[in-house]
Each structure stands twice: as structure tokens, then as C-alpha cells.
Amino acid sequence: EPEVTQTPSHQVTQMGQEVILRCVPISNHLYFYWYRQILGQKVEFLVSFYNNEISEKSEIFDDQFSVERPDGSNFTLKIRSTKLEDSAMYFCASSEGEGEQFFGPGTRLTVL
Amino acid sequence: GNSVTQMEGPVTLSEEAFLTINCTYTATGYPSLFWYVQYPGEGLQLLLKATKADDKGSNKGFEATYRKETTSFHLEKGSVQVSDSAVYFCALRGSGTYKYIFGTGTRLKVLA
């Protein structure tokens, strides 16, 4: 069964460093998403991406964040200069359209 | 704005007990409602969904009914099993958007 994969499963970084979180969506899907969950809080929407551009983003997704689909398979989230409060579980998801979103297992980001 | 409120966990039950996890929402228009489940080390998986008022979603013995009058989508199962131990997330997708809004998640632990 096709699934969304994410790497790495756990990323530890120093405050101020750049990180790139990677996702491989399901191959025939056209819509891609990033969500995050700070420990003990809600899963929050960050951004959606379709046709090589951002289609929607939340107020969390500021200039420090960017997304890219550098080739036909990967979908990445970059945080330019990490802050302590960026520590969270980051989930990638994909969908064919407005139907079910399929989620990856998440990347746990720890900023020290 | 749209929001989802989910009962706090953890919920601990004995095998074969009845399960209810409460979920209420606030939304304009006609949202779609979802329950996702996350097993240890895995991504969020769609458990069931309902797209309009009075719809009942069901899967693997779990059920939830979209109640517009009470703005609720409570998850129920008549007889839980140890294998149901996981974190359950209630979510909505509002009209005209692809983003999901999640509750905080409820951890269920079923004891043999």
C-alpha cells in the first residue's frame, strides 16, 4: 500500500541553524501539506502546496519557513534559522484532491 | 475561526469496555469531519469521516455521527481491544479550504 515517508525521524539542531525536513508523498497525489504538533498541543496546519506553489498558509508559516518540490518525488520544508519554539513533531501529508489526506510518520525536531 | 475541542486524555479502559471520545467543533458553513488514529511510531491514519449533517462514519467497529445541532462528532466503539491503544485525533476541514484543523488528540490505553 502506498504511503507517505519522512526523513529523518528525529533531527536535533542548534538554535539559529537551518534545517530541511524531507517528505516523499504518494506518487499520484497532487496536493501536499505540512503540519506540526508542539508537545502537548494541537496538530497545526502550516502550509499547503499545489501546482508548484503555495496555495494556503497559516500565520505560523512566516519568512523563516519555505517549501519546495525540488524534483518529481520529494517535498521539503526548510526552516532558515531555527528557534527553540520550533521544536515539534512535523507531519507531511498528501492528497489526490479534496479527499483524504495521507500522513507520514512525522519528524521530531529538537532545537537546543 | 474554525476550531475543534477534544476531550483530554489519557483514557484507560479494560478490554471489551465501551469507548466514547468526545469531539465538538466550531465552524462556519458545512465542514467535513474526520477521526484520525496514530499508532506508536506511525503516521496519522484516517479512521472514519463524515461530510454532511447526520452522516455516520464507521470503520473497524468505530462509529461517529455528524451532529450539526450539537456541533459534535463523538467517536464510539462498543467493545475495545488492546490493539485499539493509540492516539485519536478529531479534525475538520472547512468549506473552501483544504487545510485540516485538529483537536489535541486523546490517548487511549486498553488493558487486557
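In what follows, every chain begins at residue 1, and chains take the letters A, B, ... in the order their sequences are listed.
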Cluster link B:Val37 to B:Leu19, ILVMFWY, side chain under 4.5 Å:
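B:Val37 clusters together with B:Leu19.
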To the nearest 0.5 Å, what is the distance between CZ (B:Phe89) and CZ (B:Phe102)?
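Nearest 0.5 Å value for the CZ-CZ distance: 7.5 Å.
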Taking transitive links into account, so neighbours of neighbours count too, which hydrophobic residues share a cluster with A:Phe102 at under 4.5 Å side-chain distance?
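Its cluster partners, ordered by chain and number, are A:Val4, A:Ile26.
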Pairs touching residues 12-27 of chain B that satisfy salt bridge (charged side-chain N to carboxylate O under 4.0 Å, His left out), sequence neighbours left out:
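Residue pairs passing salt bridge (charged side-chain N to carboxylate O under 4.0 Å, His left out), neighbours aside: none found.
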Is it the case that more than 12 heavy atoms not belonging to B:Lys109 sit under 6.0 Å from its NZ atom?
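At most 12 heavy atoms, drawn from other residues, nucleotides or ligands, come within 6.0 Å of this atom.
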Please identify each residue that fulfils side-chain contact (heavy atoms from CB on, under 4.5 Å) with B:Thr70, with sequence neighbours left out.
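Only B:Arg67, B:Ser72 meet the side-chain contact (heavy atoms from CB on, under 4.5 Å) criterion with B:Thr70.
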Using distance alone, with no hydrogens and no angle check, list the donor-acceptor pairs under 3.5 Å between chain B and chain A.
unit_1: B:Val4; atom_1: O; unit_2: A:Lys42; atom_2: NZ; d: 2.7
unit_1: B:Tyr36; atom_1: OH; unit_2: A:Gln101; atom_2: N; d: 3.4
unit_1: B:Tyr36; atom_1: OH; unit_2: A:Gln101; atom_2: O; d: 2.8
unit_1: B:Arg93; atom_1: NH1; unit_2: A:Glu98; atom_2: O; d: 2.5
unit_1: B:Arg93; atom_1: NH2; unit_2: A:Glu98; atom_2: O; d: 3.2
unit_1: B:Thr97; atom_1: OG1; unit_2: A:Glu56; atom_2: OE1; d: 2.8
unit_1: B:Thr97; atom_1: OG1; unit_2: A:Glu56; atom_2: OE2; d: 2.9
unit_1: B:Tyr98; atom_1: O; unit_2: A:Gln101; atom_2: NE2; d: 2.7
unit_1: B:Tyr100; atom_1: N; unit_2: A:Tyr35; atom_2: OH; d: 3.0
unit_1: B:Tyr100; atom_1: OH; unit_2: A:Gln101; atom_2: N; d: 3.2

